[in-house]
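The analysis underlying the following values was restricted to heavy atoms, covering all of them including side chains, and did not include hydrogens, waters or symmetry mates. Computed from a predicted structure; not experimentally measured. In the text below, chain A, chain B and the rest are named by the order of the sequence lines, each starting its count at 1.
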Amino acid sequence: MIRFILARLLKAAVILMAILVLNFFLIHAAPGDPAAVMAGEAGATDEQFIADLRARFGLDQPLSTQLWLYIKGAAQLDLGYSYRQNMPVAQLILDRLPATLLLTLTAFVISIVLGVVAGVLAASRQGGWGDTLISAVAMIFYATPLFWIALMASLLFSVVLGWLPGFGYETIGANYTGLVRGLDIARHLILPATTLGLFFTAIYMRMTRASMLEVSRLDFVKTARAKGLRPGVIQRRHILRNALLPVITLAGLQAGQIVGGAVLTETVFAWPGIGRLMFDAINQRDYNVLLGVFFVSAAMVLLFNLITDILYVVVDPRIRIRS
Amino acid sequence: MTILQIRNLSIALPKGADRPHAVEDVSLELAAGEILCIVGESGSGKSMSANALMGLLPEGVRPVKGSITYQGRDLLQADEGDLRALRGRDIGMIFQEPLSALNPLMRIGAQIAEVFEAHRLLTPVARQSRALELLHEVGLPDPKKAIRAYPFQLSGGQRQRVMIAMALALEPKVLIADEPTTALDVTTQAQILKLIEDLRRKRNMAVIFITHDFGVVADIADRVIVMQHGRIVEEGPARDVLLHARHPYTQKLIAAIPGPGGEAKDDKQGAPAILRVRGLNKIYKTGGGLFSSPRVVHAVNDMTFDLHTGETIGIVGESGSGKSTAGRCLVRLVAPDSGRVEMAGVDMASLSGADLRANRRRIQMIFQDPYSSLNPRSTIGRILTEGPVSYGTPRAEALARARELLELVGLDASAVTRYPHEFSGGQRQRVGIARALALQPDIIIADEAVSALDVSIQAQVLDLLADLKRQLNLSMLFITHDLRVAAQVCDRIIVMKQGRVVEMGSADTVLTAPEHDYTRALLEAIPGRDYERALKDATGVPACQS
Amino acid sequence: MKKGFARFARNRGALIGLVILTLVIVIAALGPPLYPQDPWRMVQRPFLPPFTAPGLPLGTDALGRDVLAGLIHGARVSLMVGLVSTVVALLIGVPVGALAGYFGGWVDDALMRFTEFFQTIPSFALAIVLLAIFQPSLFFIILSIAIVSWPPVARLVRGEVLSLRSREYVEAAVLSGQNSRQIITRQVLPNAVSSIIVLASLMVATAILLESSLAFLGLGDPNVMSWGYMIGAARTVLRTAWWLTFIPGVAILLSVLALNLIGEGLNDALNPRLARRGE
Amino acid sequence: QEAGGTLNLVIQPEPPSLMMGIVQNGPTQMVAGDIYESLLRYDSDLNPMPSLARKWEVSEDGLTYTFHLQEGVKWHDGEDFTAEDVVFSADVFLRETHPRLRATLDYVESIKAPDDHTVVFKLREPFGPFLGTFEAGTMPIVPKHIYEGTDFANNEMNNTPIGTGPFKFNEWQRGSYIHLVKNEDYYIEGKPYLDEVYYHVIPDAASRAVAYETGTVDVLPGGSVENFDVPRLTELPNTCVTDAGWEYFGPHSWMWMNNHKGPMTDPNTRKAVMHALDRQFALDALWNGLGKLATGPVSSSTRFHEADTPSIAYDPDLAREYLEKSSYNGETLQLLPLPYGETWQRWAEAARQNLIDVGFNVELVATDVAGWNQRVADWDFDLAFTYLYQYGDPALGVSRTYVESNIAKGSPWNNVAGYRNPEVDALWEQAALSTSDETRQELYTEIQNRIVEDVPVAWLLELGFPTIYRCNVQDLVTTAIGINDGLRDAWIEQ
Ligand SMILES: Nc1ncnc2c1ncn2[C@@H]1O[C@H](COP(=O)(O)OP(=O)(O)OP(=O)(O)O)[C@@H](O)[C@H]1O
Ligand SMILES: Nc1ncnc2c1ncn2[C@@H]1O[C@H](COP(=O)(O)OP(=O)(O)OP(=O)(O)O)[C@@H](O)[C@H]1O
Ligand SMILES: [Mg+2]
Ligand SMILES: [Mg+2]
């Protein structure tokens, strides 16, 4: 197992480098550069200023040199410097990462738990009104633009009802500490996490339901019934476990998008996360930040692919013993 | 003493099914300690009757008439809770497909222990030890290891034993076995049959055994019920039904059983060898990589033989012995690792690209599964013309030939415009044969070409093959695990075991005076051998005339 | 086929979906000629609520443009974005998946690594970057959406092809002398079509949503009226003129819903694994 | 006036840095204007007022400017502020980092500190607008003891700015908020009144409005909510709105017309465009009636504005006439909206419709900020929206976009249109070097008339940026620089 993981990590590192190179060219393909953006904001009219900025950012060097310098840095986990923000990229990302992880992981957990429970409920009442209701609600969440739900939720719960804060990560200026701060953050988390989670909840629900129905037609379920097991036990022990396999695959995919997968939600709820950082970086052509975010995102995707694989091995003995 | 009684049972199928009732007006009685066999072709309602007993009918299918009485209670009226109490405890069931009937994610021990748990018996520890005893009882080698294993780690036969252990765990009074051996090879089948027989004797259990194999019936049945189209057409003690069948359907089924021997074969050894195979090897490596040593299977090990013009060679052996791999190496669906396959002086094994394509049309294949061997999205006409067209025959000409071929294999020429799903299994197999013939090959390789078919249809297809072979002077390699089938159609037989050829000789010699122990064991395991002899005696003719 | 439709039609949801989608298609096709009002033309005071001004049943937007005209003309663009980007995604994804699945080995490895690359960047973020590179015009919006949505197609097709290519009829085709291209296009792909259709119906829906999300971030094409554009443009006046986002929002919701319902119906009808036995 | 309290403002977008000497964009100044100061401030008529300079004298010949500095001023880290800091800032630091000031400093021959509290600027030649350049954003005074001899751009201290202003930097949670606290040692007794200031980073405009409604923030500086939301917000209880505080910047909007190539090289086409635009509609529908119709290149809040220039009013018939006379024959014009939010987007759509109505073919080209910069800088457009600050004086903020010497690819902020008129160029030169306001007025009136004749660009509006705030926040805007100039006078009525 350890060897398996090590081998996979090695392979991932190689892939990561390749991805980095591709990303590098992708990002540099966009018209405009950070020097021009910054000069514009400063209202600078003289070319010397822009040329100086370019030289400072190393943008006057040939692209291949820039790439080489970047790769060399990245290999030592140095993601470069954001000249625009006057900060090392790694630090910028680390500053934002906790907020994003908190948001996306909460949404992730919410969506899996809600989605699977709803899916099981719907499957066990297949064709009944309960199933219809759950499926319909899921379908509507699935079909509604995310930002629309976000706007509506913030309007309703924050402005009209005043129950929950409509944006931000914590109450600014309150200087809470310890548990109170935790609760404060949790209150801020509810709206964005739920909104973000709803879409995936719908997907998990539909997937679990379909998978449950499919598994329940398999022969071993009949065997289980022939043993005289109660339907509840059959549902949990035999159907659900097998039905979760495709759900794990999907969860792996979703988890991989945890970094930067929440641009819209972070925008609407002013959540100080990576997604927003990335969006701003695109607008400002802050290449290093953008590359850094993509790097971290790709690393996450590969990491979660690995975790999914390991999880598969744990859940599905067929794979465990083969490898 | 009757313990189970079915009266006038009718089971309705949902709207749109092929017929309104799966089972109509079925009545039967089962006495303690008795083995009752239900036979009949596919779709005759055997499984439905059995499922009705357990209250496990599929969705949309429900009993509409009659009663099932067990210990004075009508099971059709019982509620789900009562039925649950009976399942596993009073009535056990074994299903056909050992592969899918066990939960792939649970250990064997846990799955057996579940039976006790379902009926709230024993402590968890006691359940495990009881499970171990049961595995021992059904003759599983190394039960200690098996109890911790997952289903996929066991062979088909072993899995079927686990199923039996599970069904027997609570010593039910009635055991229902729905084709429990159909998916197994003969040797394993013989073991399982013996096991059931032993258990019945030891525990005085009543058994309903569903099968379509008359050999099996002859070996174990006390009484036989024959079903056709959802109705019972004949019923009686095993000897009576098997030897003196009254109903024409039963007679037809019995007549279709292929028997050993068959007609006398002329020696074709004198004819020139059309295919010369020398030192053929194929090794599969799987699962290898950075992290684990690969599993190596020597699927074909140093195979050497000649096939003469007009000759049929049978390749037999148990599952996994390398028969299919050998066949596929010959047509180069699989690239052999070493060895020569000479066809008219050309070594097929070393060709590639255009040369391979040019030579390949002389050697064609008929596949096992009539369902998956025809592209469901192509018309029959297209299936039959694609080959010739890709070798340059004009489409119109190829189509005309396709019509002829269809007539040749006994189908209507109008079939060219239809799709595979509009045909029955036997008809599809004929299409498959026509496709192989479309390229006018010299050699045909038939890999389990009749194994998936019902006995009666099997007989028709075998007849067809024999006819065609004569008419077209084909040479044929006939791969099968059924020795009786091999005996019937083959001039010579090759017996394979674990990739090696262990015996090769004329069909008669191999079947009547086998030299190798393995061949002998295979022959031993064929069910119903005594019966066949008896049948021969009773009628004075071989079971099947070709 | 007829049986397939019967099976499809038995699913009530699917039938509803089909009705809605047909309606949307009819509006998209016949709407502009029947309702020739230019959706960009400023015709009245801004922010007229629906049902208040004669001739402007859905009111006007921030520049006094006719909302109904926008809705009708937008249907065409939104549907086109959905359909065309899906077709383009299929044109990329199907060959990649088919080649990877059919040939295996290093071809598979290379193509799948390539696919993986597109999946390491969150798809929405990738779309934004692509639009930053290309500048948002309808053509590039469609292209960007296609580029971020083909990887799942490739994966699906690869999986299907992997399982289909070991079918006996494929081997029979090999023996009958067909070349790889013929086998892929005639034997393998036609049998993967039902899964692809199901996925495609969902992709059309996702593409419509994606376009609206991009428009929300200001990355829509300002020269063509689409529902996404309408929502994006009206989101700043959500509080004062909620109907301006609500109306196109409902239009998107209904279309996406319809496509999903149809997708499920198709799945039941075409995918024999899920089709109930005996039906 | 009451001391104490916390003020919450919105900052949009998040500034890249707070070191105002290095980064000169709007958001940076809005926050760092509380931290850094310059020698002067300006009232709403752009008259100079004391800041770090207590008083100042200008010599007769207009070549020597002497500033007397406040006593007892300390940097936020406790060091004393002296004239040396001013000399270092202007002569060393900003010459290197501040492109806009650098142009002005070209006129300066020397900067000297005869003693700790006096600074003398000597000019090479007279420069009329010189006294208008001592605003915090134009000439922020930075601490010599921290920056001398270092790599300015990469100095660690840039992340913890040290100034002399009324508020000290405390904390910056990127993506979330910037926190400033009262400078207890501020040199004006009793000021500032506020204890703490929070600038909230909220990327979505609708959410910023919500933040105001739910009471999280008290001040929405100009441009932080979409214009469409302004009327609704101003109707909320205890809400005041003002468009004061932008006089120094005089944000002036126009449409670049590409005089280099294509249809816009023909003056008749340009005139057709100018008269086709319904700017009153834009003002009413998009800008809530705040601001004014522009009459020419110089904003009415900028000095030397001339109101009586040739008419450029909306007149579609006249536009059609000009178009008829022009060489335009149906080419599709590429119009670049300003990528700064929905108002500009809508405006571009309305303008396109105006132009289509008189017979142009127009297509909008969507870009993001970087793309817009590039296309404008490369003259890759026919028409493009823009707006620029005028910094109170035509010589500082207007001439740069009209003189021939400022035609150069690569910057979107110079004479992008490619307007060439040697006679006018000469007038610009003369006006900048003159010290007498009357002479300057005459020259600038002439310039304005000439340029409006030529219509090198299509002037749109003098933008009115509304600041929305709770009415109990007092003295929020006291200078021509508004909130950007620091909250040193603001207080909250409890
Ligand atoms: N789930 C189901 N729903 C509807 N009809 C079914 C279902 N299962 C089987 N049938 C139909 O019921 C009839 C009897 O089927 P049954 O399974 O009992 O046949 P069988 O004799 O066991 O055949 P086999 O030997 O192939 O197992 C057939 O016509 C079949 O098509
Ligand atoms: N593609 C493959 N990769 C790896 N191993 C294989 C492959 N195909 C077959 N094998 C292995 O090779 C051996 C021979 O298989 P083969 O299919 O030739 O047996 P068979 O005699 O035809 O069996 P059956 O009667 O079950 O069809 C088996 O152990 C099988 O597991
Ligand atoms: Mg059956
Ligand atoms: Mg085989």
Side-chain angles (χ1 to χ4, degrees), chain C residues 37-48 60-66 69-70 125 127-141 144 211 213-226 228-242 244-245, chain D residues 203-210 212-213 225-236 278 281-282 284-286 288 332 334-357 361-372 374-375 380-381:
Chain C
Q37 174 67 268
D38 180 355
W40 295 105
R41 179 145 222 101
M42 299 172 278
V43 291
Q44 251 289 2
R45 261 188 318 117
F47 298 125
L48 283 177
T60 58
D61 73 355
L63 288 179
R65 299 176 294 209
D66 184 352
I128 295 174
V129 173
L130 290 173
L131 284 182
I133 295 175
F134 297 140
Q135 309 297 334
S137 68
L138 191 60
F139 178 80
F140 286 118
I141 288 172
S144 302
E211 193 257 348
S213 295
L214 288 169
F216 177 79
L217 286 181
L219 294 169
D221 182 341
N223 294 300
V224 291
M225 184 59 80
S226 78
Y229 164 84
M230 292 175 78
I231 294 191
R235 74 184 193 279
T236 50
V237 292
L238 179 65
R239 307 290 305 283
T240 40
W242 57 269
L244 288 182
T245 46
Chain D
D204 183 58
S207 302
R208 291 193 285 274
V210 169
Y212 182 80
E213 281 179 278
V225 292
E226 290 290 349
N227 283 333
F228 300 108
D229 239 2
V230 171
R232 185 177 64 83
L233 290 171
T234 51
E235 275 162 28
L236 295 173
D278 186 354
F281 173 81
D284 295 339
L286 298 168
N288 302 305
T332 299
Q334 297 212 315
L335 170 57
L336 258 63
L338 201 55
Y340 289 171
E342 292 302 308
T343 306
W344 291 97
Q345 193 64 42
R346 290 299 88 70
W347 197 355
E349 288 163 10
R352 173 182 59 187
Q353 204 57 43
N354 287 156
L355 293 170
I356 287 174
D357 284 348
N361 278 323
V362 187
E363 156 187 298
L364 293 190
V365 179
T367 56
D368 60 2
V369 175
W372 183 89
Q374 171 138 358
R375 289 191 78 134
D380 182 12
F381 63 90

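- C:Pro46 touches chain D through its side chain: at least one heavy atom from C-beta onward sits under 4.5 Å away, while N, CA, C and O do not.
- Counting heavy atoms from C-beta on, the side chains of C:Asp38 and D:Gln353 come closer than 4.5 Å.
- With a 4.5 Å cut-off on non-hydrogen atoms, D:Glu363 touches chain C through its backbone and its side chain both.
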>> D:Glu349 vs C:Arg65, test: side-chain contact (heavy atoms from CB on, under 4.5 Å). Steps then yes/no.
In response: CA-CA 11 Å; D:Glu349 288 163 10; C:Arg65 299 176 294 209; 2.8 Å; yes

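- The two atoms that bring C:Met42 and D:Ala350 nearest to each other are CE-O, 3.6 Å, heavy atoms only.
- D:Glu213 touches chain C through its side chain: at least one heavy atom from C-beta onward sits under 4.5 Å away, while N, CA, C and O do not.
- For chain D, no part of C:Arg45 is nearby; none of its heavy atoms comes within less than 4.5 Å.
- Nearest approach of D:Gln345 to C:Pro222, heavy atoms of both residues: NE2-CB, 3.4 Å.
- D:Leu286 touches chain C through its side chain: at least one heavy atom from C-beta onward sits under 4.5 Å away, while N, CA, C and O do not.
- Only the side chain of D:Asp357 comes within less than 4.5 Å of a heavy atom in chain C; its backbone stays farther off.
- One finds the OG1 atom of D:Thr367 at 12.0 Å from the CG atom of C:Leu131 (value rounded to the nearest 0.5 Å).
- With C:Asn223 as the partner, the side chain to side chain contact (heavy atoms under 4.5 Å, CB included) test is satisfied by one option alone out of D:Val365, D:Leu364, D:Leu335: D:Leu364.
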